[in-house]
Amino acid sequence: MSDTAFTSPQEVEVAFYAALARADLDAMMAVWCDDEEVVCVHPGAPRVVGLAAVRNTWQQLFSDGPRLKIEVTQQVVSAGTVMAMHNVLQHVQIDGDDELHPPIVATNIFIRGAKGWRLLAHHASPTPDLHAGDPDAPMLVH
């Protein structure tokens, strides 16, 4: 874990998305808490638990180098003194791909410990293409 002391969940989140855009593995792992129960779910992928497994998935994703531009919008925040949850829409643009993709919905959970705020869980899922199919069809949640 990094010696960086993040003073707020927002600081951690900014560092997370900057590391993601740069494909910087060390910076990415610096935002995660030093806890074997960390959880990461990438869009369309299985749940990964534990620091080594989380690091491995980011290492695989970053193997091609920086190629993402990410804009975060529509942040919904629930925060307390030791835990915070941010739910955001991630608008991801891949280098060389001019197609506009539906946003990815992500939930980031942060905890505050002795060394400041850190990321405990990141769960990102694709959103449905709301323009496909019958626009009058009801949306089912479960």
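Residue numbers start at 1 and run along the sequence shown. Because the structure is a prediction, the values reported are computed rather than measured.
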Heavy-atom check, side chain of [X] versus side chain of [Y], under 4.5 Å:
| X | Y | result |
| --- | --- | --- |
| Asp24 | Phe62 | no |
| Ile109 | Leu119 | no |
| Val14 | Gln10 | no |
| Val105 | Asn87 | yes |
| Pro43 | Pro126 | yes |
| Val31 | Trp117 | no |
| Thr73 | His91 | yes |
| Gln90 | Tyr17 | yes |

Open item on the list: For the CZ atom on Arg47, are there more than 12 heavy atoms of other groups (residues, nucleotides or ligands in this structure) within a distance under 6.0 Å?
Closed with: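 No, because the 6.0 Å sphere around CZ of Arg47 holds 12 heavy atoms or fewer from other groups.
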TODO: Considering only NZ, NE, NH1 and NH2 on the basic side and carboxylate oxygens on the acidic side, decide whether Asp26 and Arg55 come within less than 4.0 Å.
DONE: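 Salt bridge between Asp26 and Arg55, a charged N being under 4.0 Å from a carboxylate O: yes.
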Compare every heavy atom of [Y] with every heavy atom of [X], then report the nearest pair and how far apart it is.
| X | Y | answer |
| --- | --- | --- |
| Ile104 | Ser125 | CG2-O, 3.3 Å |
| Thr127 | Pro103 | OG1-O, 2.6 Å |
| Ile70 | Ala21 | CD1-N, 4.4 Å |
| Gln93 | Asp98 | NE2-CA, 3.7 Å |
| Phe6 | Ala30 | CE1-O, 3.6 Å |

TODO: Examine Leu61 and Val41 and state if one hydrophobic cluster contains both, with Ile, Leu, Val, Met, Phe, Trp and Tyr joined whenever side-chain heavy atoms are less than 4.5 Å apart.
DONE: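 Different clusters: Leu61 never reaches Val41 through Ile, Leu, Val, Met, Phe, Trp or Tyr contacts under 4.5 Å.
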TODO: Look at the side-chain heavy atoms of Ile, Leu, Val, Met, Phe, Trp and Tyr, link any pair under 4.5 Å apart, and say whether Val12 and Met85 land in one connected group.
DONE: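 Looking at the clustering, Met85 is in the same group as Val12.
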Task: Short side-chain to backbone donor-acceptor contact, Arg118 and Arg112, under 3.5 Å - done: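 The answer is no, because no donor-acceptor pair under 3.5 Å joins these two groups.
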Got a second to check how far [X]'s [atom1] is from [Y]'s [atom2], nearest 0.5 Å?
| X | Y | atom1 | atom2 | answer |
| --- | --- | --- | --- | --- |
| His122 | Glu13 | NE2 | CD | 9.5 Å |
| Asp95 | Lys69 | CG | NZ | 10.0 Å |
| Ile94 | Arg67 | CD1 | CZ | 7.0 Å |
| Glu37 | Ile111 | CD | CD1 | 10.0 Å |
| Met29 | Leu51 | CE | CG | 5.0 Å |
| Thr4 | Lys115 | OG1 | NZ | 10.5 Å |

- [ ] Only counting residues at least two apart or in another chain, list the ones meeting side chain to side chain contact (heavy atoms under 4.5 Å, CB included) with Ala45.
- [x]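 Ala45 satisfies side chain to side chain contact (heavy atoms under 4.5 Å, CB included) with His42 only.
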Open item on the list: Phe110 vs Cys33, test: side chain to side chain contact (heavy atoms under 4.5 Å, CB included). Steps then yes/no.
Closed with: CA-CA 8 Å; Phe110 308 92; Cys33 70; over 6 Å; no
TODO: Verify whether the ring centers belonging to Trp58 and Phe16 lie closer than 6.0 Å.
DONE: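 Yes, they do, as the ring centres are separated by less than 6.0 Å.
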- [ ] Show the numbers, then the answer: is there a side chain to side chain contact (heavy atoms under 4.5 Å, CB included) between Leu20 and Met28?
- [x] CA-CA 7 Å; Leu20 179 57; Met28 173 57 73; 4.0 Å; yes
Task: Gln75 vs Val77, side chain to side chain contact (heavy atoms under 4.5 Å, CB included): CA-CA, chis, key distance, verdict - done: CA-CA 6 Å; Gln75 185 181 59; Val77 174; 3.6 Å; yes
- [ ] Walk me through it: do Thr107 and His86 pass the test side-chain hydrogen bond (donor to acceptor under 3.5 Å, both in side chains)?
- [x] CA-CA 6 Å; Thr107 301; His86 294 182; over 6 Å; no
Task: Derivation and outcome, side chain to side chain contact (heavy atoms under 4.5 Å, CB included), residues Val38 and Val49 - done: CA-CA 6 Å; Val38 295; Val49 178; over 6 Å; no
